Asks: 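Quick one: the structure is below, questions incoming.
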Amino acid sequence: MKAFQIKAGAGLAGLERVERASRKPDANEIRVRIDAAALNYRDLSFAKGQFFNPPDYPLIPLVDGCGDVVAVGTAVTRFKLGDRVITSYYPRWIDGPLSFGKTAVSFGAQTDGTLAQELTASEEAFAHAPRTLDAIASATLSCAGVTAWNALFVAGAIKPGASVLLLGTGGVSLWALQLARTAGLFTIITSSQDEKLERARSLGASATVNYRKTPEWQEEVLRLTGGKGVDLVVEVGGEGTLARSLKATGPGGTIVVIGRVSGGGGVSIEPGALIAGAKRLVGITAGSRSMLEQLVRFVDVNEITPNIDKVFPFDEAPSAYEYLEMGRHFGKVVVDIRA
Ligand SMILES: NC(=O)c1ccc[n+]([C@@H]2O[C@H](COP(=O)([O-])OP(=O)(O)OC[C@H]3O[C@@H](n4cnc5c(N)ncnc54)[C@H](OP(=O)(O)O)[C@@H]3O)[C@@H](O)[C@H]2O)c1
């Protein structure tokens, strides 16, 4: 089968097109013909050597994938031939609270991922794909989708009518916008570009702030919430945004710490701001398969279509990486493995 492989830290130039042998599934495994694989910021981080615990040999990158089951092991019970499935971010995190054992391995970072014609892995590492979405759209749930779900409804435990702040218009933030609007939340989203904010409004954002033109954007968020502050922040910015996110959060609110697109360095936070405001600072990492299955149900019931920015054919996967790195995208960047 055709595949790309890369060694952590090799840079985007290290992506190489290879032939890999097709593998017969073990008793508890399924083989999936991958139709589409989506990129995430973490895949850039992996290429640049900024990811946790990578192996010292090249592996097939990307975690997001959707395709059909083409072979099943003798003991497989959850899937049959022809089922359409999506990958679960952590093959060993099925349900319940996170443990280091459950999150030690993720596709495309510690074990082979989805930028290939096939993926053979334990049946536990997959969920049924949404019946309302095609393969390209379904391929965006495994990382950005489940992370947004976890941030809003699991770690964030947000209630209808509450307010949420979303930073930038990347994959996680736009998934969070679409889920939050569907759940009846007041949504404020920021971006560096007015054109992207316009598009976010057409996706249902309640209010928007240009963080370049308004560097003290936390003040604008306070104004937009009548001085109260938001109930929840989906914090993907890190170093350059976390302290402001804390200020933009109202009493009893939660900051779900997810990413570091503005830098991963240390941040100075006054303990008093958390104590006096009874605010919660919670880190999350993707989500369990059970959370992914909840997301699939929510997507199907509400017929949510994730925002796809651009689709690249398989051979142009390196261009997809470069395009994501440029940061011009609005929503997800996907590789069509069939094209
Ligand atoms: N913890 C987890 O489990 C988990 C899961 C998924 C992702 N992540 C992390 O979350 C972050 C976002 O991932 P992603 O895949 O959604 O990224 P992405 O699609 O590449 O989005 C990047 C976007 O971030 C925005 N941005 C850049 N600098 C910003 C700043 N200073 N303030 C506000 N927004 C800024 C930009 O939006 P505009 O162009 O609109 O300005 C940019 O388009 C990454 O750090 C990623 O590693 C973590």
Side-chain angles (χ1 to χ4, degrees), residues 41 144 147-148 151-153 155-156 158-265 267-270 273-274 277 279-282 284 306-307 309 324 326-332:
Y41 191 91
T147 301
L152 292 171
F153 305 120
I158 195 96
K159 298 285 184 297
S163 55
V164 57
L165 171 63
L166 311 166
L167 304 182
T169 58
V172 173
S173 297
L174 282 192
W175 254 112
L177 173 63
Q178 293 186 273
L179 297 176
R181 283 301 291 165
T182 308
L185 306 177
F186 182 78
T187 53
I188 304 173
I189 189 163
T190 72
S191 177
S192 55
Q193 294 173 46
D194 288 339
E195 187 218 335
K196 289 185 174 183
L197 291 175
E198 188 68 46
R199 294 176 72 184
R201 275 194 290 278
S202 72
L203 283 179
S206 317
T208 58
V209 185
N210 185 317
Y211 65 82
R212 284 266 155 74
K213 290 183 180 168
T214 313
E216 301 295 323
W217 45 265
Q218 75 281 2
E219 300 293 340
E220 181 62 6
V221 173
L222 288 172
R223 193 189 68 74
L224 288 164
T225 51
K228 181 175 166 289
V230 291
D231 297 302
L232 180 77
V233 185
V234 177
E235 223 310 322
V236 297
E239 187 178 347
T241 59
L242 185 54
R244 287 194 166 81
S245 290
L246 183 56
K247 289 180 181 158
T249 304
T254 304
I255 302 104
V256 182
V257 180
I258 294 172
R260 42 190 182 170
V261 289
S262 70
V267 178
S268 172
I269 286 176
E270 288 173 36
L274 283 170
K279 300 178 189 180
R280 291 194 307 145
L281 204 53
V282 189
I284 65 164
N307 210 75
D309 181 278
L324 187 77
M326 283 191 296
R328 295 201 191 127
H329 58 289
F330 180 85
K332 296 304 298 178

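Since the structure is predicted, the reported quantities are computational estimates derived from the model, not experimental observations.
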Asks: When you measure from the side chain of Thr254 to the backbone of Val256, do you find a donor-acceptor pair of N or O atoms at a distance under 3.5 Å?
Replies: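 No: the side chain of Thr254 does not pair with the backbone of Val256.
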
Asks: Mind running side chain to side chain contact (heavy atoms under 4.5 Å, CB included) on Leu246 and Ile269 for me, showing each step along the way?
Replies: CA-CA 8 Å; Leu246 183 56; Ile269 286 176; 3.4 Å; yes

Asks: Tell me every residue that passes side-chain hydrogen bond (donor to acceptor under 3.5 Å, both in side chains) with Thr225, counting only those two or more places apart in sequence or in another chain.
Replies: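 Expected list: none.
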
Asks: Just to verify, what does Asn210 make a side-chain hydrogen bond (donor to acceptor under 3.5 Å, both in side chains) with, not counting sequence neighbours?
Replies: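 side-chain hydrogen bond (donor to acceptor under 3.5 Å, both in side chains) check on Asn210 returns Asp194.
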
Asks: Listed by chain and number, what are the side-chain contact (heavy atoms from CB on, under 4.5 Å) partners of Arg260, not counting sequence neighbours?
Replies: Phe52

Asks: Restricting to non-hydrogen atoms, name the atom on Val230 and the atom on Val164 that form the minimum distance, rounded to 0.1 Å.
Replies: CG1-C, 4.3 Å

Asks: Examine distances only and state if a side-chain atom of Thr190 and a backbone atom of Gly168 form a donor-acceptor pair shorter than 3.5 Å.
Replies: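 The answer is yes, because a donor-acceptor pair under 3.5 Å joins these two groups.
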
Asks: Do Ile284 and Thr147 come close enough that some side-chain heavy atom pair is under 4.5 Å?
Replies: yes

Asks: Taking Ser192 for its side chain and Arg212 for its backbone only, find out whether a donor-acceptor pair lies under 3.5 Å.
Replies: no

Asks: List in chain and number order the residues that pass side-chain hydrogen bond (donor to acceptor under 3.5 Å, both in side chains) with Gln178, two or more places apart in sequence or in another chain; answer none if no residue qualifies.
Replies: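 Gln178: no side-chain hydrogen bond (donor to acceptor under 3.5 Å, both in side chains) contacts found.
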
Asks: Quick one: side-chain hydrogen bond (donor to acceptor under 3.5 Å, both in side chains) partners of Ser173, sequence neighbours excluded?
Replies: none

Asks: Ignoring hydrogens, what is the shortest heavy-atom contact between Ala180 and Leu152? Give both atom names and the distance.
Replies: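 What the structure gives for the nearest pair is N-CD1, 4.0 Å.
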
Asks: Residues two or more places apart in sequence or in another chain: which of them pass salt bridge (charged side-chain N to carboxylate O under 4.0 Å, His left out) with Arg223?
Replies: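 If we apply the salt bridge (charged side-chain N to carboxylate O under 4.0 Å, His left out) test to Arg223, skipping adjacent residues, the hits are Glu220.
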
Asks: What's the verdict on side chain to side chain contact (heavy atoms under 4.5 Å, CB included) for Trp217 and Leu165, showing C-alpha distance, side-chain angles and the deciding distance?
Replies: CA-CA 11 Å; Trp217 45 265; Leu165 171 63; 3.9 Å; yes

Asks: On a heavy-atom basis, which atom in Leu166 and which in Ala176 lie closest, and how many Å separate them?
Replies: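 Scanning both residues, the minimum pair turns out to be CD2-CB, 3.6 Å.
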
Asks: Report the C-alpha separation of Val257 and Leu281 in whole Å, then their side-chain angles, then the decisive distance to 0.1 Å, and conclude whether the side chain to side chain contact (heavy atoms under 4.5 Å, CB included) test is met.
Replies: CA-CA 7 Å; Val257 180; Leu281 204 53; 3.9 Å; yes

Asks: Filter on salt bridge (charged side-chain N to carboxylate O under 4.0 Å, His left out), then keep only pairs touching residues 162-173, sequence neighbours left out; what's left?
Replies: none

Asks: Could you check whether any side-chain N or O of Asp231 sits under 3.5 Å from a backbone N or O of Ala162, counting only pairs where one atom can act as donor and the other as acceptor?
Replies: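 Side chain of Asp231 to backbone of Ala162: no pair is present.
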
Asks: So which of Ile158, Leu179, Leu232 actually passes side-chain contact (heavy atoms from CB on, under 4.5 Å) with Leu185?
Replies: Ile158

Asks: Quick one: does any side-chain atom of Lys279 pair with a main-chain N or O of Ile255 as donor and acceptor, under 3.5 Å?
Replies: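 Not at all, since once roles are kept as given, no pair shorter than 3.5 Å links the two residues.
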
Asks: Taking all atoms of both residues into account, what is the closest heavy-atom pair of Ala205 and Leu177, and its distance?
Replies: CA-CD1, 3.8 Å

Asks: I need the full list of side chain to side chain donor-acceptor pair (under 3.5 Å) pairs touching residues 243-253, with sequence neighbours left out, sorted by first then second residue.
Replies: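 Qualifying pairs, neighbours excluded: Glu216-Arg244, Gln218-Arg244, Glu235-Ser245.
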
Asks: Please confirm whether the backbone N or O of Ser206 pairs with a side-chain atom of Thr187, one donor and one acceptor, at under 3.5 Å?
Replies: yes

Asks: List in chain and number order the residues that pass side-chain contact (heavy atoms from CB on, under 4.5 Å) with Phe330, two or more places apart in sequence or in another chain; answer none if no residue qualifies.
Replies: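 Applying side-chain contact (heavy atoms from CB on, under 4.5 Å) to Phe330 gives Thr169, Leu174, Lys196, Arg199, Ala200, Leu203, Asn307, Asp309.
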
Asks: Partners of Glu198 by salt bridge (charged side-chain N to carboxylate O under 4.0 Å, His left out), sequence neighbours excluded?
Replies: Arg201

Asks: Show me the pairs that pass salt bridge (charged side-chain N to carboxylate O under 4.0 Å, His left out) and involve residues 170-185, at least two apart or across chains.
Replies: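 Found none.
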
Asks: Write down the atom of Gly237, the atom of Ser262, and the distance for their closest heavy-atom approach.
Replies: O-OG, 2.6 Å

Asks: Passes side chain to side chain contact (heavy atoms under 4.5 Å, CB included), Ile258 versus Val234? Steps please.
Replies: CA-CA 7 Å; Ile258 294 172; Val234 177; 3.5 Å; yes

Asks: Counting only heavy atoms not in Lys228, do more than 12 sit closer than 6.0 Å to its NZ atom?
Replies: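 Correct, the count exceeds 12.
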
